[in-house]
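Please read the structure below before turning to the comments.
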There are 2 protein chains.
Amino acid sequence: MSGNNIRRSMPLFSIGIVMQLTELSARQIRYYEEHQLITPERTEGNRRLFSLNDIDRLLEIKELIEQGVNLAGIKKIFAVKEDSQQPTSENFETKLKKSDLTDEELRKLLRNELIHGGKHRTTLRQGDMSRFFH
Amino acid sequence: MSGNNIRRSMPLFSIGIVMQLTELSARQIRYYEEHQLITPERTEGNRRLFSLNDIDRLLEIKELIEQGVNLAGIKKIFAVKEDSQQPTSENFETKLKKSDLTDEELRKLLRNELIHGGKHRTTLRQGDMSRFFH
DNA sequence: ATTGTTATGTTATTTAACCTAACATAACAT
DNA sequence: ATGTTATGTTAGGTTAAATAACATAACAAT
């Protein structure tokens, strides 16, 4: 369960790949970031690195745009959905801050979760936007 | 079943990410390619793009190197393993060549398999090297 | 002992793929 | 008519790739 979230939040993909995967232009992707609909990581040299979650988000944005929703609306929709997550339980970020892993250890953990994380998978995946598509 | 293979063979990752994921140097990764232990794709501009399968392979190579096997040996091991795959059934490449999808259609298919491919997953994953680790 | 091979590091040079910023504009809202 | 939103395009700068060449430690073979 947690492994999935780790894997899906790992910063892995360049903007070029994300463009292909989402069929969005670089301009669009950057614009959505500018408006805080996504917040991809950066490399040391300032290149964007996107996670699977980011890609899911972008696909959801695209779908909503196509349905005529403007960015303000999409922002609200995302806010509402964040609200309706279990609000008391601590999230992944919080857990990471609590744990005192070194960067080294954390990297290894993340890497392992990514490469071999598909094994103990639950049938239901949260954050998958396909339920909103026709 | 096939969706997994598609997803795992998609060229997605830059060499920088692969370096982090495998803890191999760029030199090592390129050297292994030079010796045909992996054959990553290239972008139009000649940058390498690695798949999950490539990463699995690299991890296996690393493990074998650490166990004292040289590249010639690793090459043989891989050859033997390829042999013991079902040799009569047509592989993914063959299937792709037979199907007359346009590049556009193929991209979409691949993208979809990657992003939403985790749902109908079988418990056993082929190509996962973890069974060789202690 | 010498010579050759293997696997890797390092360094130099080139360039694809990214970055930001600025200006343009169509569609829409006021 | 004017302003705003979402996107395209272009210009100029930087990073993370690429290849190629040389260096070398470890080991193998002569």
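Labels below follow one simple rule: chain letters A, B, ... track the order of the sequence lines, proteins then strands, and each chain is numbered from 1.
Between A:Ile74 atom CD1 and D:dA6 atom C1' there is a gap of 11 Å when expressed in whole angstrom units. One atom, CG of A:Asn46, and another, C1' of D:dT14, lie 10 Å apart when rounded to the nearest Å. Atom CZ of B:Arg47 is separated from atom P of C:dT14 by 15 Å (rounded to the nearest Å). Residue B:Glu33 contributes atom CD, which lies 12 Å from atom C1' of D:dT19 at whole-angstrom precision. Atom CD in A:Gln28 sits about 10 Å away from atom C1' in D:dG8, given to the nearest Å. Following rounding to the nearest Å, B:Glu44 (CD) and C:dA16 (P) show an atom-to-atom distance of 10 Å. Here C:dA7 presents its P atom at 16 Å from CD1 of B:Ile29, a figure rounded to the nearest Å. Per the geometry, CE belonging to B:Met19 stands 17 Å off P belonging to D:dT15, to the nearest Å.
OP1 or OP2 of C:dT8 has at least one side-chain nitrogen or oxygen of B:Tyr32 nearer than 4.0 Å. B:Tyr31 has a side-chain polar atom (N or O) that falls below the 4.0 Å cut-off from OP1 or OP2 of C:dA7. At the phosphate of C:dA17, OP1 or OP2 sits under 4.0 Å from a side-chain N or O atom of B:Thr43.
Distance from the side chain of A:Arg30 is smallest to C:dT20 among C:dA7, C:dT20, D:dT19. Closest to the side chain of B:Arg42, out of D:dA18, C:dT8, D:dG8, is D:dA18. For B:Arg27, counting side-chain heavy atoms from C-beta on, the closest listed nucleotide (D:dT19, D:dT7, C:dG9) is C:dG9.
Backbone-only engagement by A:Arg48 is indicated by non-hydrogen atom pairs under 4.0 Å involving sugar-phosphate atoms exclusively.
Closest-nucleotide positions on DNA chain C for A:Ala26 and B:Ser25 were compared, and the one nearer the 5' end corresponds to B:Ser25.
In this structure, B:Asp54 and B:Glu41 have side chains that are not in contact, with every pair of non-hydrogen atoms separated by 4.5 Å or more.
Of the possible donor and acceptor atoms, none in the side chain of A:Asp56 sits under 3.5 Å from a partner among the backbone N and O of A:Asn53.
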